Amino acid sequence: MSKFLLNYTDTYTDFYNKVISDFILYNCGVEYCNPGWSYGPKRREYHFIHFVKEGKGTLTIEGHTFHIHKNQCFIVPAGEVSLYAADKKVHGNIPGLAF
C-alpha cells in the first residue's frame with residue numbers, strides 16, 4: 001500500500017463523527033472461526049452485518065435462536081444482545097461490517 005493511502009486508512013471510527021454523517025463505517029473484516037468458537041453475549045452500540053461464506057452455527061438475538069449456514073447473511077441491530085457460535089465440527093469464514 002502506498003504511503004499516501006496509509007494516511008487515509010481508518011483504523012478506528014469515533015462516534016463523534018456521527019454528527020457529520022448518517023452513515024459511518026465502524027469496522028469491517030473477516031472472522032475465521034474454529035469449530036466450537038463463539039462470541040458474546042454482547043450488546044453493541046452499532047449495527048453489524050455478517051455473510052456466512054463457509055460453515056454453520058447459531059445466532060441468538062435477544063433470546064431468539066436462528067440456525068445459520070453457508071450463503072446466508074444476518075444483521076444484528078444496535079443495542080440488541082447477541083451471541084453467535086460456530087458448529088462444534090465445522091470451521092467458519094464470516095466476513096462482516098459494522099456501521
Side-chain angles (χ1 to χ4, degrees):
M1 183 181 290
S2 76
K3 189 174 183 180
F4 175 78
L5 290 176
L6 284 175
N7 293 332
Y8 294 95
T9 301
D10 187 19
T11 56
Y12 177 76
T13 301
D14 190 337
F15 281 103
Y16 172 78
N17 291 326
K18 187 69 174 163
V19 297
I20 61 171
S21 176
D22 289 333
F23 181 85
I24 292 178
L25 179 63
Y26 184 71
N27 66 35
C28 61
V30 177
E31 187 69 51
Y32 295 99
C33 311
N34 290 323
W37 175 88
S38 66
Y39 186 78
K42 185 168 178 126
R43 183 184 317 270
R44 297 172 184 84
E45 296 178 346
Y46 49 85
H47 308 285
F48 69 90
I49 298 172
H50 281 291
F51 176 73
V52 183
K53 192 171 177 181
E54 293 180 54
K56 62 182 180 176
T58 58
L59 166 66
T60 303
I61 303 173
E62 295 291 340
H64 300 281
T65 300
F66 306 91
H67 296 277
I68 55 176
H69 56 80
K70 182 178 178 176
N71 294 329
Q72 284 189 318
C73 184
F74 64 88
I75 184 169
V76 177
E80 303 289 324
V81 175
S82 65
L83 164 71
Y84 47 101
D87 184 83
K88 294 186 186 295
K89 297 180 182 177
V90 180
H91 76 280
N93 178 345
I94 308 174
L97 70 100
F99 59 97

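Owing to the predicted nature of the structure, the values given are computational and were not obtained by experimental measurement.
Across all non-hydrogen atoms, the minimal contact from Ile61 to Ile75 is CD1-O, 3.9 Å. Across Gly79 and Glu62, no two heavy atoms sit closer than the pair O-OE2, 4.0 Å. Here the shortest heavy-atom pairing between Val90 and Gly55 reads CG1-CA, 3.8 Å. Shown here for Cys33 and Ile94, the closest heavy-atom pair between the two residues is SG-CD1, 3.9 Å.
We find the NE2-CD distance between His47 and Glu80 to be 10.0 Å, quoted to the nearest 0.5 Å. With values rounded to the nearest 0.5 angstrom, Leu83 atom CG is found 6.5 Å from Thr58 atom OG1. The CG atom of Asn93 sits 5.5 Å away from atom NZ of Lys53, with the distance rounded to the nearest 0.5 Å.
Partners of His91 by ring-ring contact (aromatic ring centres under 6.0 Å, His included), not counting sequence neighbours: none found. Scored by the side-chain contact (heavy atoms from CB on, under 4.5 Å) test, Val52 finds Ile68, Phe74 as partners (sequence neighbours excluded). Listed by chain and residue number, Trp37, Lys42, Arg44, Tyr84 satisfy the side-chain contact (heavy atoms from CB on, under 4.5 Å) test with Tyr39 (two or more places apart in sequence, or in another chain). Remark: Lys70 pairs with no residue by the side-chain contact (heavy atoms from CB on, under 4.5 Å) rule, at least two apart or across chains.
Annotation for Val30: hydrophobic cluster partners, listed by chain and number, are Tyr32 (ILVMFWY side-chain heavy atoms under 4.5 Å, direct or chained).
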Legend entry - side-chain contact (heavy atoms from CB on, under 4.5 Å) between Phe51 and Asn71, intermediate numbers included: CA-CA 7 Å; Phe51 176 73; Asn71 294 329; 3.8 Å; yes
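Identified under the salt bridge (charged side-chain N to carboxylate O under 4.0 Å, His left out) test for residues 87-99, with sequence neighbours left out: none.
Thr60 is not listed as a side-chain neighbour of Pro41, based on a closest heavy-atom distance of 4.5 Å or more.
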